[in-house]
Amino acid sequence: MFPTALLTRKRRRPEVAFVGGREEVKFRDVRLFLVERRMGKSRRNFLSNLARSKGFCVDDALRYTQSFSKVLKAQDGFRETHDKHVLHISWFTESMSAGRPVPVEIRHYIQNPAVDQRSCTHPSAKPESAVSPYACQRRTTLDNHNKIFTDALEVLAENLELSGNQGPSLAFRKAASVLKSLPAALRRQEETQHLPCLGEHSRAIIEEISECGSSSRVEEILNDERYRTMKLFSSVFGVGPKTAENWFCRGLRTFEQVLSEPSVRLNRMQTAGFLFYEDISKPVSRTEASALKIIVEEAVICVNPSATVSITGGFRRGKEFGHDVDFIIKTPEAGQEDVILPAVIKRFKSQNILLYSDLQESTFDLRKLPTHCFDAMDHFGKCFLIMKLKHEQEMDARAGKDWKAVRVDLVAPPLERFTYALLGWTGSTLFLRDLRRFARLERGKLLDNHALYDKATNTFLPANTEEDIFAHLGLEYIEPWQRNA
Ligand code: CTP
Ligand code: MN
Ligand code: MN
């Protein structure tokens, strides 16, 4: 854990009551020095301005604390005393969220608390290495060291999901997510003791896999006809668990049987799903995503030269492959978000690169915020598309086509909602689910794709960047590539 906030309690009143000329200093007996390994100027400015806006005094004179390692070695003049502390950035983020300096606890120290530990307010505080039960307090990269366990737990989760048991399914998803965040492979069963979100059932599966190399329950599911058929059917675009189950219960087992069954009526989405199944069931590569970005960008700019396009979803989290490509469009003037998607779709049609489109117009209404219902989708204008992507290589004459069908999602929020929408669409689903839960349960705030609302003050909290949202929630910033929970 690198970042540090240096805190000193001042004896004398500061000579300047105003710092930076504007913000009033509310907490006169606390002075902050920000020291962080490899901290860039923009991050320092961001953190300093945030603290000042909340009434903290931030000292810019960092000369004698330039070196992070020197600070930790207590050399070069900075020594922890009863009124000087070298603290982890968690003290800073919690204080920003609380809007006041929170009491210093043992867990806030980087090392060697110089104060008498009895004076700390939380003597039973957990060690810093403890894994949080909230995915938004864990850094989960794509580097999964526990794949043999997480794959198994996800099969169990998927099986329950396909039979409509969302609650129990979530328990296995959470267990898998905790294991994905670990910096190394589990070696002994005891190592799971201190981990959160691992129920009896998950532990038993982990134990069996550690001992036998596989889980009999998972093997059973993988060979189960119902599971295999449901998984096959729900892999079709537009086919959810309900339809898949309906087809299974009617004795259907293959696509051929579904397509030749006279009583089966496919909707438009499912028809497209079957028509382009071969292409859209294949993963989309990062190279293909980049090629699509150029096409989407070109169309968007043609419609509105001041609009910009960013990749979100799994590719923004650093994934090399995805089931689709997600784009978010930023329009700088109010109202433009409503016209851009229909115009872009029209252009794709005229270019003959649109195979399927489902445009959902915006139902966003500022007056209906905050929403207390989080399972629902957001209200922004969006579209779910299947597009033609031309192959880079020469056309395969036998295949008879020189393109691949690819699923593409576009969303166009109003400018002042952009940051919340970007955060929501970046995912992962589990990361965002826990971020919302954390906001509500731990901070009394409501977060969704539209806004962040503080229940205590009945105000909406503004955010220009994702960092602002994490700061409002008193959370350390988690980069998109660390949100693969
Ligand atoms: N999302 C959302 N509102 C929607 C649709 C999607 O907030 N109406 C969010 C999802 O919760 C997810 C993200 O957008 O966090 C991307 O969704 P999706 O493309 O389904 O998943 P990815 O994480 O991109 O995974 P993949 O690589 O398989 O596409
Ligand atoms: Mn995606
Ligand atoms: Mn998507």
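Counting starts at 1 for both ligands and their atoms, in listed order. Worth knowing before you read on, the calculation uses all heavy atoms, side chains too, and leaves out hydrogens, waters and symmetry mates.
- Ligand-side atoms of ligand 1 in range of G322: 27 (O), range being under 4.0 angstrom from any heavy atom.
- Near D324, with a cut-off below 4.0 Å to any heavy atom, the atoms of ligand 1 are 19 (O), 29 (O).
- For the residues F321, F431, W425, F380, the heavy atom positioned nearest atom 1 (N) of ligand 1 is part of W425.
- Of the possible donor and acceptor atoms, none in the side chain of K319 sits under 3.5 Å from a partner among the backbone N and O of R317.
- Side-chain polar atoms of T429 and R173 form no donor-acceptor pair below 3.5 angstrom.
- For D326, every heavy-atom contact with ligand 1 shorter than 4.0 Å involves the side chain, none the backbone.
- Both the backbone and the side chain of H323 come within 4.0 Å of ligand 1, counting heavy atoms alone.
- Close contacts of ligand 1 with K319, meaning ligand atoms under 4.0 Å from a residue heavy atom, involve 25 (O), 26 (P), 27 (O), 28 (O).
- Atom 9 (C) of ligand 1 has its closest protein heavy atom at G424 O, 3.7 Å.
- Here the two rings, on F276 and Y356, have centers that are 6.0 Å apart or farther.
- Protein heavy atom closest to atom 22 (P) of ligand 1, with residue, atom name and distance, is G314 N, 3.7 Å.
- With no hydrogens or angles considered, a side-chain donor-acceptor pair links T150 and N144 at under 3.5 Å.
- In terms of protein heavy-atom proximity, atom 8 (N) of ligand 1 is nearest to M377 SD, 3.0 Å.
- Closest heavy-atom approach to atom 2 (C) of ligand 1 among the candidates N484, T312, N449, V284: N449.
- Here the protein heavy atom with the shortest distance to atom 15 (O) of ligand 1 is G427 CA, 3.1 Å.
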Practice problem: Begin from the C-alpha positions of L422 and K330 and carry the test side chain to side chain contact (heavy atoms under 4.5 Å, CB included) through to its verdict. | Solution: CA-CA 10 Å; L422 175 67; K330 189 179 196 172; over 6 Å; no

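- For the pair F233 and T243, the minimum side-chain heavy-atom distance is 4.5 Å or more.
- For the 3.5 Å distance criterion, the side chains of R226 and S163 fail to qualify, holding no donor opposite an acceptor.
- A side-chain donor-acceptor contact under 3.5 Å links Q137 and S132.
- E154 has its side chain within reach of K180: a pair of non-hydrogen atoms, C-beta onward, lies under 4.5 Å apart.
- Side-chain contact check for S235 and Y277: at least one donor-acceptor pair (N or O, by modelled atom type) lies under 3.5 Å.
- Residue D279 is tested with K401, K404, K388 for a side-chain hydrogen bond (donor to acceptor under 3.5 Å, both in side chains); the sole match is K401.
- The D378 neighbourhood of ligand 1 comprises atoms 3 (N), with distances under 4.0 Å to a heavy atom of that residue.
- Residues D378 and W425 are in side-chain contact: their nearest non-hydrogen atoms beyond the backbone lie under 4.5 Å apart.
- Ring geometry for F438 versus Y134: interplanar angle over 60°, hence perpendicular rather than tilted (30 to 60°).
- In this structure, atom 23 (O) of ligand 1 lies nearest to the protein heavy atom R317 NH1, 2.9 Å.
- Residue-ligand proximity: T429 is placed with a non-hydrogen atom under 4.0 Å from ligand 1.
- Of all protein N/O/S atoms, those under 2.8 Å from the Mn ion (ligand 3) are D324 OD2, D326 OD1, D409 OD2, and waters are not counted.
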